[in-house]
K.L.:
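So that we are looking at the same thing, I have put the structure below in structure tokens.
In what follows, every heavy atom counts, from backbone to side chain, and hydrogens, waters and symmetry copies are set aside. Below, read A as the first sequence line, B as the second, and so on, with proteins coming before strands; counting in each chain starts at 1.
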Amino acid sequence: MKVSQFHLATTRETPAEAEISSHQLMLRCGMIRKLTSGIYVWSPLGLRVLRKVENIVREEMNRAGALEMLMPSVQPAELWHETGRWDQFGPQLLKMKDRSGREYAFGPTHEEVITDWARHELKSYKQLPATFYQIQTKFRDEIRPRFGVMRSREFIMKDAYSFHIDDESLQQTYEVMHAAYSAIFTRLKLKFRAVDADSGAIGGSQSHEFHVLADSGEDLIAYSDESGYAANTEMAEALAGIDTAPIASESIQKHATPGCHTIGDVCKALEVTAERTVKTLVVEAEEGLIALVLRGDHSLNELKAEKLEGVKTPLQLADEDQIKAAVGCGTGSLGPVGLPIPMIIDRSAAVLADFIGGANEKGFHNSGINWGRDVAADRIEDIRHVVAGDPSPDGKGTLSLLRGIEVGHIFQLGSKYSESMNAVVLGEDGKAHVMPMGCYGIGITRIVAAAIEQNHDDRGVIWPLPLAPFQVALLPMNMKKSLRVREATEALYTELQDAGIDVLFDDRPVRPGVMFNDMELIGIPHRIVVGERGIDAGEVEYRARNESDNIQVPMAEIVDYLKKRLNN
RNA sequence: CGGGGCGUGGCGCAGCCUGGUAGCGCACUACAAUGGGGUUGUAGGGGUCGGAGGUUCGAAUCCUCUCGCCCCGACCA
């Protein structure tokens with residue numbers, strides 16, 4: 001491709017709306033352009049990258065035995081009523097009506113459509129297991145779209161669905177998909193991790209998320225330094241950290257702590273560290289209120305808390321008035337001793353001795369509190385987020401934390417959809433069997449942004465080769481004046497194309513600096529420069545985007561040299 | 001949904017307080033010079049100042065309504 005025949009539209013300035021690197025760079029490269037909130041146009045340059053991702057995903061899905069198909073974006077409301085999700089899915093579901101008033105949703109996901117398809121198409125256990133997938137546009141009306149295509153409302157997703165005669169078959173396919181996903185991210189040359197995950201609103205039992213690692217990621221992943229354990233911190237089990245029973249050595253004592261409302265205030269006033277304090281959060285229960293007691297330096301994991309018996313779902317913190325009515329004092333002075341509402345104590349808080357907590361009286365805290373002696377610890381649960389340094393839940397090593405961007409998620413759905421939609425096949429026994437299902441998603445558009453988050457510098461994008469819009473940039477120096485340079489570059493351009501190399505020839509009448517900057521901004525992995533000096537020496541100049549030194553290569557060897565580079 | 005901010009040419013912004021009929025940089029067009037890291041000069045094209053209503057002799061500027069966009073928050077007492 002010649003730049004003169006391509007649409008290259010880079011900008012020097014960063015659009016004001018872009019917050020994170022990948023969004024800024026995608027705009028500056030001219031890969032995307034916002035049409036309206038959370039909705040983007042992909043330019044020819046951007047689409048090249050998108051297609052690379054799609055094709056790798058497609059190849060690996062095919063290799064794993066999944067069959068590609070294409071389902072509609074616009075889906076009739078009736079299907080969503082069947083599964084109950086028309087009302088459950090919430091405001092993220094974009095609803096619309098046609099001219100005769102019939103209701104539709106723009107598909108945010110396709111469980112309903114595929115299950116409807118499967119119940120018509122699949123009749124016998126002999127057709128199972130079967131996995132179908134598509135690469136297609138989805139729409140989710142996000143509360144707050146942000147970060148460009150990282151969290152957009154319209155996006156492209158690869159979604160796959162598998163159908164089975166029993167759970168054992170589902171488990172097998174699930175493992176095949178897990179392996180296929182690992183193969184995909186490995187081929188994309190992205191640093192990633194597969195982690196245990198919550199199955200969330202889509203439902204089901206087993207679930208893994210695939211995260212591209214990047215410091216700017218929105219998710220926190222906990223992993224063991226000694227085993228393969230990795231989990232989203234939403235899910236990671238938090239252990240107490242201490243095996244021995246706490247031993248009391250102090251007696252309980254009340255301290256005036258006027259104006260202290262936060263753990264930080266109390267620590268300062270009483271000159272202790274937060275690990276020796278507890279905080280008491282009050283949430284709504286199915287009946288009345290429940291207090292959650294955590295170590296002062298730990299944070300509540302809402303997901304864990306709302307799964308506990310008695311706690312109202314979704315988790316709702318009690319407001320000041322509710323707390324005053326039940327306890328007599330407001331937030332900031334709450335503590336376990338003498339608390340008139342039921343308590344759930346976090347494992348780590350339950351192993352404290354001689355600790356500090358609110359006195360349930362405005363402006364006072366207790367020190368030297370001990371469980372058993374001063375207050376009963378009847379109900380101990382895991383309700384906190386893990387932190388770095390916690391013991392790994394599998395007993396091997398300690399946990400570290402990493403930031404990641406969720407780009408893939410696989411679930412074992414079980415019969416959640418097939419049951420409500422009556423998707424059955426006849427089994428060997430001649431009876432109808434509800435098909436257990438699996439579903440497997442990859443955010444194609446998000447991968448592009450995540451790849452940039454992981455691979456860029458202050459000059460621009462550094463594409464991993466499998467994602468690059470072009471493999472090689474060919475830059476002539478002063479081609480306008482020098483016929484020799486023009487002829488040599490044109491000849492090399494033809495030669496590279498003939499060798500099957502995807503080359504971008506910058507034939508614009510611009511100064512070298514402009515070419516260098518543009519090619520680095522859009523992140524072409526390999527660069528060849530042709531100039532008078534080199535021609536005299538029978539050489540061209542090679543440089544990799546992620547290296548800082550130029551390499552002189554004899555003109556006659558450059559194609560082979562590049563082929564070698566491209567195969568690494 | 002709550003809070004904050006912003007809408008002026010394709011992009012980045014000034015002008016608004018104190019009303020007098022729109023400007024700068026980048027980008028774009030033409031010509032010339034330059035020619036290994038966003039070069040320079042000259043000459044151009046492009047904006048009913050988000051929209052509607054109001055105040056006024058006169059509104060980008062003041063008032064009212066409205067639409068759109070961005071950021072933060074929506075758990076740590």
Side-chain angles (χ1 to χ4, degrees), chain A residues 8-20 23-24 27-28 30 33-39 43 90-91 143-148 234 257 259-267 274 277-284 291-306 311 314-320 322-324 327 329-335 339 346 349 357-358 360 362 365 383-385 387 459-460 475-482 485 506 508-521 527 529-535 540-541 543 548 550:
Chain A
L8 190 64
T10 56
T11 66
R12 202 184 299 215
E13 280 162 313
T14 303
E17 69 194 46
E19 189 80 355
I20 60 169
H23 189 196
Q24 292 176 348
L27 290 169
R28 284 193 59 207
R33 182 184 199 82
K34 187 176 72 182
L35 186 61
T36 184
S37 177
I39 299 181
S43 73
I143 306 177
R144 181 144 92 88
R146 63 186 121 173
F147 306 147
E234 285 180 341
T257 50
C260 292
H261 293 290
T262 66
I263 292 292
D265 295 339
V266 174
C267 289
T277 67
V278 299
K279 58 179 155 194
T280 307
L281 313 182
V282 180
V283 298
E284 291 183 3
L292 304 175
V293 181
L294 293 150
R295 216 168 78 183
D297 59 323
H298 286 153
S299 68
L300 176 67
N301 183 323
E302 286 189 339
L303 220 59
K304 289 178 180 174
E306 72 183 16
V311 176
L315 194 76
Q316 182 68 47
L317 285 173
D319 63 35
E320 194 83 10
Q322 285 175 293
I323 295 172
K324 276 193 176 139
V327 183
C329 73
T331 62
S333 308
L334 297 174
L339 194 69
D346 183 67
N360 297 318
K362 190 176 164 145
H365 281 76
I383 55 173
R384 70 174 174 96
H385 281 119
V387 295
R459 291 171 177 275
L475 308 188
M477 295 294 101
N478 198 13
M479 183 170 78
K480 195 179 165 190
K481 280 246 176 93
S482 167
V485 170
D506 197 343
R508 294 176 295 176
V510 295
R511 296 172 68 91
V514 176
M515 295 183 185
F516 292 141
N517 280 310
D518 274 346
M519 294 303 127
E520 281 164 0
L521 177 61
R527 178 178 90 188
V529 174
V530 180
E532 287 273 354
R533 293 197 307 244
I535 290 173
V540 294
E541 181 183 293
R543 178 143 150 197
S548 56
N550 292 333

K.L.:
How far, in whole Å, is B/C17 from B/C62 if one measures between their C1' atoms?
P.N.:
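It works out to 11 Å between them.
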K.L.:
When you measure from the side chain of A/V529, which nucleotide among B/G36, B/C75, B/C70 comes out closest?
P.N.:
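Out of B/G36, B/C75, B/C70, the nucleotide with an atom closest to A/V529's side chain is B/G36.
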K.L.:
Kindly say whether, by distance alone, the side chain of A/D518 makes a donor-acceptor pair under 3.5 Å with the base of B/G38?
P.N.:
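Side chain to base: pair present.
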K.L.:
With rounding to the closest Å, how many angstrom separate the C1' atoms on B/U55 and B/C65?
P.N.:
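To the nearest whole Å, 15 Å.
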K.L.:
If you apply the rule side chain to side chain contact (heavy atoms under 4.5 Å, CB included), what do you find for A/I383 with A/N301, and how did you get there?
P.N.:
CA-CA 6 Å; A/I383 55 173; A/N301 183 323; over 6 Å; no
K.L.:
Quote, to the nearest angstrom, the C1' distance that separates B/G12 from B/A27.
P.N.:
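Straight-line distance between the two C1' atoms is 11 Å.
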K.L.:
Mind calculating the distance between CZ (A/R146) and P (B/G73) to the nearest angstrom?
P.N.:
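Taking CZ of A/R146 and P of B/G73, I get 7 Å after rounding.
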K.L.:
When you compare the side chain of A/T280 with that of A/L292, does any pair of heavy atoms fall below 4.5 Å?
P.N.:
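Not in contact.
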K.L.:
Pick the P atom in B/G50 and in B/A14, then give their distance to the nearest Å.
P.N.:
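About 14 Å, rounded to a whole number of Å.
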K.L.:
CD1 of A/I143 versus P of B/A74: gap in Å, rounded?
P.N.:
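From A/I143 CD1 to B/A74 P: 12 Å.
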K.L.:
If we take the P atom in both B/U48 and B/G9, what is their distance in whole Å?
P.N.:
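Those two atoms are separated by 9 Å.
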K.L.:
So which one's nearest nucleotide on RNA chain B is more toward 5', A/I263 or A/F516?
P.N.:
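Final value for this comparison: A/F516.
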K.L.:
So, using side-chain contact (heavy atoms from CB on, under 4.5 Å) as the criterion, who are the partners of A/T14 when residues are at least two apart?
P.N.:
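With sequence neighbours excluded, A/T14 shows a side-chain contact (heavy atoms from CB on, under 4.5 Å) to A/Q24, A/R28, given in chain and number order.
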K.L.:
Grab the CG-P distance between A/D265 and B/C76 for me, whole Å please.
P.N.:
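In whole Å, B/C76 P and A/D265 CG are 14 Å from each other.
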K.L.:
Could you state the atom-to-atom distance from CG of A/L35 to C1' of B/G68 in whole Å?
P.N.:
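The distance from CG of A/L35 to C1' of B/G68 comes to 13 Å, rounded to the nearest Å.
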K.L.:
Is the shortest distance from a Lys or Arg side-chain nitrogen in A/R527 or A/E520 to a carboxylate oxygen in the other one below 4.0 Å?
P.N.:
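Yes, this pair counts.
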K.L.:
Does A/K279 make a side-chain N or O approach to OP1 or OP2 of B/C75 shorter than 4.0 Å?
P.N.:
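Checking A/K279 against B/C75: no side-chain N or O falls below 4.0 Å of OP1 or OP2.
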K.L.:
So A/I323, base contact, sugar-phosphate only, or nothing? Heavy-atom distance under 4.0 Å.
P.N.:
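The answer is base, as A/I323 lies within the cut-off (heavy atoms under 4.0 Å) of a base atom.
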K.L.:
Just name whichever nucleotide pairs with B/A43, Watson-Crick or G-U, keeping both distances under 3.5 Å, else none.
P.N.:
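Here B/A43 is engaged in a pair, and the nucleotide opposite it is B/U29.
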K.L.:
To the nearest Å, give me how far apart CD (A/E302) and P (B/G73) are.
P.N.:
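To the nearest whole Å, that distance equals 14 Å.
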K.L.:
Return the polar atom pairs (N/O with N/O) between nucleotides 26-30 of chain B and the protein under 3.5 Å, or none.
P.N.:
from  : atom 1 : to    : atom 2 : distance (Å)
B/C26 : O3'    : A/R12 : NH2    : 3.4
B/A27 : OP1    : A/R12 : NH2    : 3.1

K.L.:
For the side chain of A/P15, counting heavy atoms from C-beta on, which of B/G12, B/C76, B/G36 is nearest?
P.N.:
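The nucleotide sitting nearest to the side chain is B/G12.
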K.L.:
Which part of the nucleic acid, if any, lies within contact of A/H385, taking any heavy atom under 4.0 Å across all strands shown: a base, the sugar-phosphate backbone alone, or nothing?
P.N.:
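Touches a base.
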K.L.:
Base, sugar-phosphate or nothing for A/S299? Non-hydrogen atoms, less than 4.0 Å.
P.N.:
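Here A/S299 touches the bases of the nucleic acid.
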K.L.:
So, does A/K279 use its side chain to make a donor-acceptor pair with the main chain of A/D297 at under 3.5 Å?
P.N.:
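No, A/K279 side chain to A/D297 backbone: no donor-acceptor pair under 3.5 Å.
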K.L.:
Mind checking A/R295 for me? I need base, sugar-phosphate or nothing, with any heavy atom below 4.0 Å counting as a touch.
P.N.:
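Nothing, no heavy atom under 4.0 Å.
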K.L.:
Compare the minimum distances between each of B/C13, B/G36, B/C76 and the side chain of A/A16, then state the nucleotide with the smallest one.
P.N.:
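Closest of the options to the side chain of A/A16: B/C13.
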K.L.:
Please measure how far the P atom in B/C26 lies from the corresponding atom in B/U21, and state the result in whole Å.
P.N.:
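B/C26 and B/U21 have their P atoms separated by 26 Å.
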K.L.:
Rounded to the Å, how far apart are A/L475 CG and B/G38 C1'?
P.N.:
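So the two atoms are 14 Å apart, to the nearest Å.
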K.L.:
Please confirm whether the shortest side-chain N or O distance from A/T36 to OP1 or OP2 of B/C69 is below 4.0 Å.
P.N.:
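So the side chain of A/T36 is within the cut-off, an N or O lying under 4.0 Å from OP1 or OP2 of B/C69.
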K.L.:
So how far is it from A/C329 SG to A/K362 NZ, rounded to the nearest 0.5 Å?
P.N.:
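Taking SG in A/C329 and NZ in A/K362, the distance rounds to 9.5 Å.
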K.L.:
Among B/G36, B/C70, B/U34, which nucleotide sits nearest the side chain of A/S37?
P.N.:
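Nearest to the side chain of A/S37 among the choices is B/C70.
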K.L.:
Using purine N1 to pyrimidine N3 plus N6-O4 or O6-N4 for Watson-Crick, or N1-O2 and O6-N3 for G-U wobble, both under 3.5 Å, which nucleotide pairs with B/C1?
P.N.:
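Base-paired to B/G73.
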K.L.:
When rounded to the nearest 0.5 angstrom, what is the spacing between CG in A/L8 and CE in A/M515?
P.N.:
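Here the rounded value is 11.5 Å.
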K.L.:
Hey, does A/L334 reach any base, or is it just sugar-phosphate, or nothing, if we go heavy atoms under 4.0 Å?
P.N.:
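Contact class for A/L334: none.
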K.L.:
Tell me which of A/R144 and A/L521 sits closer to the 5' end of RNA chain B, going by the nucleotide each one is nearest to.
P.N.:
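Taking each residue's closest nucleotide, the earlier one in sequence belongs to A/L521.
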K.L.:
C1' atom, B/G7 versus B/G15: distance in rounded Å?
P.N.:
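15 Å, rounded to whole Å.
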K.L.:
With a 4.5 Å cut-off on side-chain heavy atoms, are A/D265 and A/T257 touching?
P.N.:
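Side-chain contact under 4.5 Å: no.
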K.L.:
Determine the contact category for A/R508: base if any of its heavy atoms lies under 4.0 Å from a base atom, sugar-phosphate if only primed atoms, P, OP1 or OP2 are that close, otherwise nothing.
P.N.:
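If one applies the 4.0 Å heavy-atom cut-off, A/R508 turns out to touch nothing in the nucleic acid.
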K.L.:
If you only use heavy atoms from C-beta on, which nucleotide in B/C75, B/G35, B/C1 is closest to the side chain of A/K481?
P.N.:
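Looking only at side-chain atoms, A/K481 lies closest to B/G35.
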K.L.:
Look at the side chain of A/R511 and decide which nucleotide, out of B/A74, B/G12, B/G35, has an atom nearest to it.
P.N.:
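Ranking B/A74, B/G12, B/G35 by closest atom to the A/R511 side chain puts B/G35 first.
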K.L.:
Nearest to the side chain of A/E520 - B/C11, B/C76, B/G37?
P.N.:
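Among B/C11, B/C76, B/G37, the one nearest the side chain of A/E520 is B/G37.
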K.L.:
So which nucleotide does B/A59 pair with, by the Watson-Crick or G-U wobble rule with both distances under 3.5 Å?
P.N.:
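Base-paired to nothing in any strand shown.
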K.L.:
Mind checking if A/A274 touches a base, just sugar-phosphate, or nothing, with heavy atoms under 4.0 Å?
P.N.:
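Since no nucleic acid heavy atom lies under 4.0 Å of A/A274, the category is nothing.
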K.L.:
Give me the distance, rounded to whole Å, that separates B/G41 from B/G35 when you measure between the C1' atoms they each carry.
P.N.:
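Pairwise C1' distance, B/G41 against B/G35, rounds to 16 Å.
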K.L.:
Would you call A/K304 and A/E234 a salt bridge, taking side-chain N to carboxylate O under 4.0 Å as the test?
P.N.:
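Looking at A/E234 together with A/K304, the answer is no, because their closest N to O distance does not fall below 4.0 Å.
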K.L.:
Any strand is fair game: report the nucleotide pairing with B/A14 by Watson-Crick or G-U wobble, both distances under 3.5 Å, or none.
P.N.:
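Looking at the geometry, B/A14 pairs with no nucleotide.
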K.L.:
Figure out the CZ/P separation between A/F147 and B/C70, and round it to whole Å.
P.N.:
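Whole-Å distance recorded here is 12 Å.
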K.L.:
To the closest 0.5 Å, what do you measure between CG (A/L475) and CD (A/E541)?
P.N.:
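So the CG of A/L475 and the CD of A/E541 are separated by 9.5 Å.
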K.L.:
Apply side chain to side chain contact (heavy atoms under 4.5 Å, CB included) to the pair A/N478 and A/V485, showing each step before the final yes or no.
P.N.:
CA-CA 7 Å; A/N478 198 13; A/V485 170; over 6 Å; no
K.L.:
May I ask you to say what A/V282 touches in the nucleic acid, namely base, sugar-phosphate or nothing, with a heavy-atom cut-off under 4.0 Å?
P.N.:
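Base contact.
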K.L.:
Decide yes or no, distance alone: a donor-acceptor N/O pair under 3.5 angstrom between the base of B/G12 and the side-chain of A/R28.
P.N.:
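By the distance-only test, no, there is no pair.
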K.L.:
Which part of the nucleic acid, if any, lies within reach of A/G531 when heavy atoms closer than 4.0 Å are counted: base, sugar-phosphate only, or nothing?
P.N.:
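The answer is base, as A/G531 lies within the cut-off (heavy atoms under 4.0 Å) of a base atom.
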K.L.:
Using Watson-Crick or G-U wobble geometry with both distances under 3.5 Å, which nucleotide pairs with B/C49?
P.N.:
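Result: none.
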K.L.:
With both distances kept under 3.5 Å, what pairs with B/C6, Watson-Crick or G-U wobble?
P.N.:
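Across all strands, the one nucleotide that pairs with B/C6 is B/G68.
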K.L.:
Provide, to the nearest angstrom, the distance between the CD atom belonging to A/E19 and the C1' atom belonging to B/C72.
P.N.:
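It is 10 Å, rounded to the nearest whole Å.
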K.L.:
Do A/N360 and A/L334 have side chains that get closer than 4.5 Å, going by heavy atoms?
P.N.:
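They are in contact (side-chain heavy atoms under 4.5 Å apart), so the answer is yes.
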